[in-house]
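Inspection log for the structure reproduced underneath, given as structure tokens.
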Amino acid sequence: MRIPRPPAPWLARLSPEPSGSTQETVLDGLRKVILSGYAAPGTSLPVDEVADRFDVSRIPVREALKTLIGEGLVEHRPRAGYTVAQLTPDELQQFYLVREVLEGAALRGSVELATAEDDALALQAHEALLQAVITGDPRAYHRQSRRFHLALLTPSRMQRLLHMFSSAWNITEPLQPMSYVPPADRALLHADHQQMLDAFVRRDGEALIAASQMHHRRLQGLIASLPRDTGLFSEEAVQSDLSEAATDISL
């Protein structure tokens with residue numbers, strides 16, 4: 001007799017509470033567990049088990065997964081099914097570079113249009129981020145870091161740019177890269193955030209851009225040093241690294 005496998009832990013985090021249509025509910029639930037890192041890159045997304053969790057047919061699950069493929073969060077391969085999308089290390093760095101360029105463009109507009117209300121929202125986001133640093137909670141750090149950056153960018157009112165920024169952030173988020181960064185380095189990143197906040201509140205555009213550039217240089221260095229053997233990067237990239245290492249040894 002076939003013994004059923006126990007459900008994957010991330011399935012329990014799918015919320016079946018309606019958030020719109022059936023397909024929207026499934027889509028929102030899957031997107032949340034992927035972006036939070038609970039369904040890490042490379043994780044299998046079995047259609048039947050997701051459908052059972054939401055008590056729906058396979059159709060809305062497949063439609064939701066197709067949408068997530070379009071967002072770059074899910075991959076589908078024949079005979080392998082659906083999995084959370086994986087990046088190569090080079091791709092991860094490229095997306096961080098895209099985020100830097102988009103952020104720099106939006107910050108210039110934000111400084112000119114920000115209000116006292118925007119200052120208050122940025123201060124609240126910064127405080128929440130500080131608590132994540134203090135408690136050493138990587139998932140909260142990711143969540144609150146995004147909140148802080150968006151608090152500085154949203155006053156620009158550049159909606160299309162902000163959408164591109166959020167999309168680029170989404171693609172890097174499932175890997176939760178800051179989970180592999182030592183607490184001391186996360187503290188340095190937060191010191192960058194403080195400088196950005198101070199410049200934002202002063203409406204000092206030049207200082208804000210300079211602080212942002214310093215922050216992203218630090219991020220790029222940390223991203224480049226991430227371990228390659230976590231199982232989260234694309235297997236093709238890991239095999240390429242191993243082949244290069246073997247070649248170096250043979251030489």
Side-chain angles (χ1 to χ4, degrees), residues 10 30-45 65 68-77 80 82-107 129 132-133 137-150 153 161-190 192-193 196 212-245:
W10 66 267
L30 285 171
R31 188 188 288 120
K32 285 177 181 176
V33 296
I34 292 172
L35 294 181
S36 67
Y38 289 115
T43 298
S44 175
L45 303 171
L65 290 168
L68 293 172
I69 289 173
E71 295 177 6
L73 296 177
V74 169
E75 297 173 340
H76 181 263
R77 295 181 181 178
Y82 297 93
T83 59
V84 179
Q86 291 180 297
L87 298 175
T88 67
D90 285 344
E91 287 172 334
L92 181 63
Q93 287 196 283
Q94 289 163 12
F95 275 105
Y96 268 82
L97 179 60
V98 168
R99 281 167 47 176
E100 177 183 1
V101 172
L102 294 173
E103 182 170 289
L107 286 175
L129 180 53
V133 173
D137 184 339
R139 293 187 195 278
Y141 181 91
H142 272 267
R143 186 170 61 254
Q144 299 304 338
S145 177
R146 181 177 191 149
R147 176 186 171 189
F148 173 74
H149 281 268
L150 284 175
L153 303 183
L161 187 151
L162 292 173
H163 176 73
M164 290 188 290
F165 180 82
S166 292
S167 296
W169 193 301
N170 280 355
I171 291 177
T172 67
E173 198 70 352
L175 200 145
Q176 298 278 295
M178 293 301 106
S179 299
Y180 303 94
V181 171
D185 287 321
R186 284 205 295 271
L188 290 174
L189 291 171
H190 192 61
D192 296 340
H193 292 143
M196 293 170 66
S212 175
Q213 290 173 341
M214 174 62 73
H215 180 62
H216 281 281
R217 281 196 294 272
R218 197 187 307 279
L219 275 172
Q220 285 287 354
L222 292 171
I223 292 301
S225 66
L226 288 178
R228 306 296 180 89
D229 59 353
T230 60
L232 300 179
F233 284 117
S234 169
E235 287 187 10
E236 289 84 352
V238 174
Q239 289 301 321
S240 176
D241 288 344
L242 291 175
S243 297
E244 291 177 7

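Given the structure is predicted, the values throughout are model-derived calculations rather than measurements.
Looking at Leu35 and Trp169, their side chains never come closer than 4.5 Å, going by heavy atoms from C-beta outward. For the pair Phe233 and Pro41, the minimum side-chain heavy-atom distance is 4.5 Å or more. Contact annotation: the side chain of Arg147 never approaches that of Leu129 to less than 4.5 Å [non-hydrogen atoms, C-beta and beyond]. Two residues are said to be in side-chain contact when any heavy atoms from C-beta on lie closer than 4.5 Å; Leu153 and Phe165 meet this criterion. By the 4.5 Å heavy-atom criterion applied to side chains, Arg228 and Pro89 are counted as neighbours. For the pair Thr83 and Thr43, the minimum side-chain heavy-atom distance is 4.5 Å or more. Between Val74 and Leu45, the closest side-chain pair of non-hydrogen atoms falls below 4.5 Å. Ser36 has its side chain out of reach of Lys32: every pair of non-hydrogen atoms, C-beta onward, lies at least 4.5 Å apart.
In this structure, His216 has its ring center at least 6.0 angstrom away from the ring center of Tyr96. Ring centers of His190 and His215: at least 6.0 Å apart, outside the cut-off.
Nearest heavy-atom pair across Ala39 and Val84 is O-CG2, 3.5 Å. Scanning all heavy atoms of the two residues, the minimum distance from Ala105 to Leu161 falls at CB-CD1, 3.7 Å. The two residues Ser212 and Glu103 have their closest heavy-atom pair at OG-OE2, 2.9 Å. Looking at every heavy atom in both residues, Ile171 comes nearest to Gly72 through CG1-O, 4.4 Å.
In this view, Ala85 and Glu75 satisfy the side chain to side chain contact (heavy atoms under 4.5 Å, CB included) rule, not counting sequence neighbours. For Ala187, the side chain to side chain contact (heavy atoms under 4.5 Å, CB included) criterion is met by no residue, not counting sequence neighbours. For Arg139, the salt bridge (Lys or Arg N to Asp or Glu O under 4.0 Å) criterion is met by no residue, not counting sequence neighbours. Scored by the side chain to side chain contact (heavy atoms under 4.5 Å, CB included) test, Glu71 finds Arg31, Thr67, Leu68, Leu73 as partners (sequence neighbours excluded). Applying the side chain to side chain contact (heavy atoms under 4.5 Å, CB included) rule to Ser166 yields the partners Arg146, Leu150; only residues at least two apart in sequence or on another chain are considered.
Trp10 CH2 to Ile34 CD1: the interatomic distance, rounded to the nearest 0.5 Å, is 7.5 Å. His142 NE2 to Met178 CE: the interatomic distance, rounded to the nearest 0.5 Å, is 5.5 Å. Note that CG of Leu175 and CG of Leu226 are 7.0 Å apart. Values are rounded to the nearest 0.5 Å. With values rounded to the nearest 0.5 angstrom, Leu189 atom CG is found 6.5 Å from Arg218 atom CZ. Atom CG of Leu102 is separated from atom CG of Leu162 by 9.0 Å, given to the nearest 0.5 angstrom. How far CD of Gln93 is from CG of Leu222: 10.5 Å, rounded to the nearest 0.5 Å.
No donor-acceptor distance shorter than 3.5 angstrom exists from the side chain of Gln220 to the backbone of Arg217, with no hydrogens or angles considered. A distance-only check finds no donor-acceptor pair linking the side chain of His193 to the backbone of Phe148 [under 3.5 Å].
Applying the salt bridge (Lys or Arg N to Asp or Glu O under 4.0 Å) definition to pairs two or more places apart or across chains, none involves residues 178-189.
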